[in-house]
Amino acid sequence: MTEELISRFVVARRKYIESQFHNLNPMQRQAVLTTDGPLLLLAGAGSGKTTVLINRIANLIRFGCASDSNLVPDTVEEEDVFFLEQLQEPLSDSDRRRADYLCALDPVKPWNIIAVTFTNKAANELKERLVNMLSPEAGEVWAMTFHSACCRILRRYAELVGYTGSFTIYDTADSERVMKDIIKEMGLDDKTFPAKYVLSIISREKDSMTSPETLLSRAEMSGEFRALQVARAYNKYQTRLKENNAVDFDDIILLTVRLLQENEDVRAYYQQKFRYVLVDEYQDTNHLQYLLTSLLAGGYENICVVGDDDQSIYRFRGATIENILDFEKQYRGARVIRLEQNYRSTQSILNAANGVIAHNMGRKGKRLWTSNPQGDPVVVYEASDERAEASYVSSQILAGQRRGKAMKDHAILYRTNAQSNALEYDLKRNGIPYRIIGGTRFFDRAEVKDMLAYLCVINNRSDDLRLKRIINNPPRGLGPKALDTAQRLATAEGKPLYEVVFHPDAYAPLEKSATKFKNFTQIIEGLAQLLVADMPLPEFYEELMLRTRYAQMLQEKPTEENKTRLENIRELKSSILSYMENTQQPTLAGFLEEIALYTDLEEYNASDDAVVLMTMHSAKGLEFPNVFLVGFEDGLFPGMRSIGDHEEMEEERRLCYVAITRAKQNLTITHARSRMLYGRTAAAMPSRFLREIPEDVMVKKGGYHTYGQQSCGDNFTYTARYTQPQVAPRPDFASSMASNTPKTPMLELNRGDMVSHTAFGTGVVLSVMKMGGDALLEIAFDQIGTKKLMAKTASAHMKKL
DNA sequence: TGACCACAGTTTTTT
DNA sequence: ACTGTGGTCA
């Protein structure tokens, strides 16, 4: 073929491939078709980042590097060039097949692509959409979290870094337990050396790959007492973990990095395996994760990182925004593509977001734009206090509902979880269904952890930590003394605790408790036998609940709490079942790993029609038609700790940016003039971020904006104003009631009276304590439990039955 | 071993 | 205000 034909082929090929991604905008398409070499994708909020990622992988699998290459295979003939040039939509199946075949240049096998994310949710979404778009074979792409990818590598080569392939994963709580023990053993004061604090230092040291030995010698040189103790604790901690064949979350990455650095053949294997490396949410990576990705991509250097420096909100957990800012320095010749068209929000919302984020210094610089309509201005509402704020939000949600919005179209986002209380109260009062995301997770519940601990010990007898958790739970007469003796013996012999406990007869000091120990190990061994005999996991779990007498213990005292606990441990069985459904070869070890790395079971589920409440952090990556951002006050958001610290302020501002850009159509920001926080009511100034929102896209409501000169009186009546007519004003605290005492006569109530409350439903009066002209009532409500109310204020919302 | 009291701490969160 | 924790006592 002539030179001319070859270049015509390249052009036609590119055109055909482009046509396969016609639904993307030019920038998105460029991001998809730029296949080779380092690529930094700056993807603004709502710019279709995930879509790009998926199409990029699809392009690699279908066409390899053809869209980014001038190479033409020798097999291409003149006729092929004409064929491509003449192609016209719509294509017949056979034309399409031929075009695909002609254009593909070294198409990539799914298992030669790795796409790392931070959350399982993101990884699953990626995988799912890939399979839907391409074929089941696309499921072979390594679409995983950092931790699951590393685990997969580590399980294979654990021996090379000093562990067994069956290592256990310690979560944060486990690590804390270990550290607490160590601090105690070292005779240190746990006030001066809180386990959490020591662990945070260790985590930072791990991030910079400092070994305990290095830190120890460095501390010895400095001669600083604190540093020395911390280094010793680090050393002990690492030793303890190794003895238990356990790794913490940091270790998973650290050990993988070390494995790849120190073993040329392993490194070479993965470097040639992963022809293409993609990293999602790159702004959230820490130094270790940077090392990991650059090691993995070290062969072909086909690394594509996607992120938004303006959305980096996890500095507090080790993310370094420098990774994304310095990408071009770390990878010479890196290409940069910006996705700045936003498909999510109205002009007003976007302008507000841009106005705020523009105040940050350390950023790549990016300006989101949209072709969406201007939309309504951002509403900034001033409330008198957090209850009035909540009441306004509820009223607006009800108004939204009247305009035809679904409940789930509304989200309320706050800076701190503590703020959800006042909101919940008011939503409940107005009968608005809501769901709170976040808080204590299922797998963090004590009873669930207990059951998991049993499973862990059966899986790995040398898991001392979990063994100690369950050996006397339910109580088996193996108290602290017996356990302490056993532990001492184990330490002396350098054996796992279980071995001592398994052969108590071999140790004279254990004479008294030998039988009890044996009873316990018999339970464990008996259960382990069932697994050896291939009993299916769900049945096995039933046996476990039974034989350990854990379920029985809960049934014996059927309090409300214990009933919930029983439900929870039964619920764990459905986790096992769903694990079995999604795995070809289910094993106990496999299940435990999944639990350890997949904790976000309680996720935002778009199916039920309820208002969603969550922190601004949890909202990242989500979007809602109507968004309420509450608590925009200096000291709360930005938080007290951030004010005065430049870096922290920028992070708070980024969080603000993230929060604002969650909204699609309507954004309401509220602040209160006084707020009760930590049991104290304090005056609050509007957040400085509010001043950074351009005036022309916002409208102020509430407070003095509505009430003019009455800006500092205490006779505000927001509550009444925004409450549903049939609902009386909510009970209030005496202090703020001075000018607002209800005219309703105080109910004369006695112990045992039944009452009906507009907000809390029906209940029975438990106690009445006279206080001046008022009385403190304690009422057990059927639905929500026991509440303490002041008789005077509560009378307005309550009637005697 | 369990129940009760004093006391501190209290941003954000994934793995 | 609230909650979880750690210590003491029966």
Side-chain angles (χ1 to χ4, degrees), chain A residues 116-123 144-151 169-177 180 184 190-191 194-197 200 203 247-254 256 280-281 284-286 288-289 312-319 386 413-422 425 437-441 443-444 446 472-481 553 557 593-603 614-621 631 635-643 645 648 651-652 654-656 658-659 675-682 733 787-788:
Chain A
V116 251
T117 65
F118 272 87
T119 65
N120 293 295
K121 196 181 159 202
M144 299 184 202
T145 64
F146 275 96
H147 294 267
S148 37
C150 286
C151 257
I169 299 163
Y170 277 4
D171 66 16
T172 330
D174 296 328
S175 300
E176 247 171 70
R177 186 71 262 152
K180 268 187 185 155
K184 207 175 221 171
D190 55 1
K191 296 279 184 310
K196 272 204 184 106
Y197 164 77
S200 74
S203 180
V247 297
D248 66 17
F249 288 132
D250 291 324
D251 288 336
I252 294 176
I253 316 279
L254 174 63
T256 310
D280 194 13
E281 305 279 13
D284 288 336
T285 51
N286 62 24
L288 265 184
Q289 286 157 338
S312 161
I313 54 174
Y314 287 112
R315 201 172 75 108
F316 69 90
R317 67 180 197 213
E386 76 277 0
L413 311 181
Y414 34 77
R415 179 66 239 267
T416 70
N417 282 309
Q419 287 168 259
S420 69
N421 264 334
Y425 180 100
I437 311 295
T440 327
R441 286 192 302 270
F443 293 107
D444 284 343
N472 199 33
N473 184 8
R476 301 187 177 90
L478 294 166
K481 335 153 229 78
M553 170 180 75
K557 264 218 299 181
E593 172 152 332
E594 183 149 309
I595 294 295
L597 295 178
Y598 189 103
T599 50
D600 47 6
L601 189 89
E602 277 186 310
E603 244 169 27
M614 64 180 118
T615 63
M616 297 178 190
H617 280 92
S618 325
K620 192 168 140 199
L636 184 61
F637 187 48
M640 206 51 126
R641 287 171 177 75
S642 326
I643 296 176
D645 181 321
E648 289 280 318
E651 173 123 340
E652 294 280 289
R654 289 192 292 269
L655 182 58
C656 182
V658 168
R675 178 177 301 270
M676 178 146 63
L677 201 61
Y678 304 142
R680 234 173 273 289
T681 302
F733 290 94
K787 288 264 169 201
K788 286 180 181 166

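This structure is a prediction, so every number in the text was calculated from the model and none was measured. Computed from heavy atoms alone, side chains included, the values below leave out hydrogens, waters and symmetry copies. Proteins get letters first, then strands, A, B, ... in listed order; numbering begins at 1 in each.
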Task: Whole angstrom value for the distance that separates P of C:dT3 from CG of A:Leu677 - done: 15 Å

TODO: Keeping the roles fixed (side chain from A:Asn472, backbone from A:Arg476), state whether a donor-acceptor pair exists under 3.5 Å.
DONE: yes

Open item on the list: If the cut-off is 4.0 Å, is A:Lys180 near the phosphate of C:dG6, judged by side-chain N/O to OP1 or OP2?
Closed with: yes

Task: Proximity to the side chain of A:Leu597 - top-ranked nucleotide from C:dA1, B:dT15, B:dT13 - done: B:dT15

TODO: Would you kindly compare A:Glu648 and A:Gly477 by the position of their nearest DNA chain B nucleotide and give the one closer to the 5′ end?
DONE: A:Gly477

Task: From B:dG2, B:dT13, B:dT11, nucleotide with atom closest to A:Arg317 side chain - done: B:dT13

- [ ] Classify the nucleic acid contact of A:Asn417 as base, sugar-phosphate or nothing, counting any heavy atom under 4.0 Å across all strands shown.
- [x] sugar-phosphate

Open item on the list: Counting only side-chain nitrogens and oxygens, does A:Asn472 get under 4.0 Å of the OP1 or OP2 atom of B:dT1?
Closed with: yes

- [ ] Could you tell me whether a side-chain N or O of A:Asn120 sits under 3.5 Å from a main-chain N or O of A:Leu597, the two making a donor and an acceptor?
- [x] yes

TODO: Mind checking A:Phe146 for me? I need base, sugar-phosphate or nothing, with any heavy atom below 4.0 Å counting as a touch.
DONE: nothing

TODO: Report the distance from atom CG of A:Asp171 to atom P of B:dT15, rounded to the nearest whole Å.
DONE: 12 Å

- [ ] Looking at every strand, decide which applies to A:Arg680 at a 4.0 Å heavy-atom threshold: base, sugar-phosphate, or nothing.
- [x] nothing

Task: Under-3.5 Å donor-acceptor pair between A:Thr172 side chain and B:dT15 base - done: yes

Open item on the list: So, OP1 or OP2 of B:dT14: does either fall under 4.0 Å of a side-chain N or O from A:Thr145?
Closed with: no

- [ ] Check whether any side-chain N or O of A:Asp645 sits under 3.5 Å from a backbone N or O of A:Ser642 as a donor-acceptor pair, and report yes or no.
- [x] no

TODO: For A:Leu413 and B:dT12, give me the distance from atom CG to atom P, rounded to whole Å.
DONE: 14 Å

Task: Value in whole Å for how far the C1' atom of C:dT3 lies from OH of A:Tyr678 - done: 13 Å

TODO: Check whether the aromatic ring of A:Phe316 stacks on the base of B:dT12, taking stacking as ring centres less than 5.5 Å apart and planes within 30° of each other.
DONE: yes

Task: Phosphate OP1/OP2 of B:dT14 contacted by A:Asn120 side-chain N/O (<4.0 Å) - done: no

Task: Whole angstrom value for the distance that separates P of B:dG9 from CE of A:Met640 - done: 18 Å

Open item on the list: As a test of reading the structure: which of B:dT15, B:dT11, B:dT13 is closest to the side chain of A:Ser618, going by heavy atoms?
Closed with: B:dT13

Open item on the list: Determine whether a donor-acceptor pair (N or O, by modelled atom type, separation under 3.5 Å) exists between the side chain of A:Ser203 and the backbone of A:Ser200.
Closed with: no

Task: Length of the NZ-P vector between A:Lys557 and B:dT1, whole Å - done: 14 Å

Task: Within-4.5 Å side-chain heavy-atom neighbours: A:Lys180 and A:Asp190 - done: no

Task: Heavy-atom donor-acceptor pair, A:Glu386 side chain to A:Gln419 backbone, under 3.5 Å - done: no

Task: Nearest-angstrom distance from the residue atom CD of A:Glu651 to P of B:dT11 - done: 15 Å

TODO: Find the distance A:Glu652:CD to B:dT13:P and express it as a whole number of Å.
DONE: 12 Å

- [ ] Would you indicate which nucleotide in B:dT11, B:dT15, B:dT13 comes nearest to any side-chain atom of A:Thr615?
- [x] B:dT13

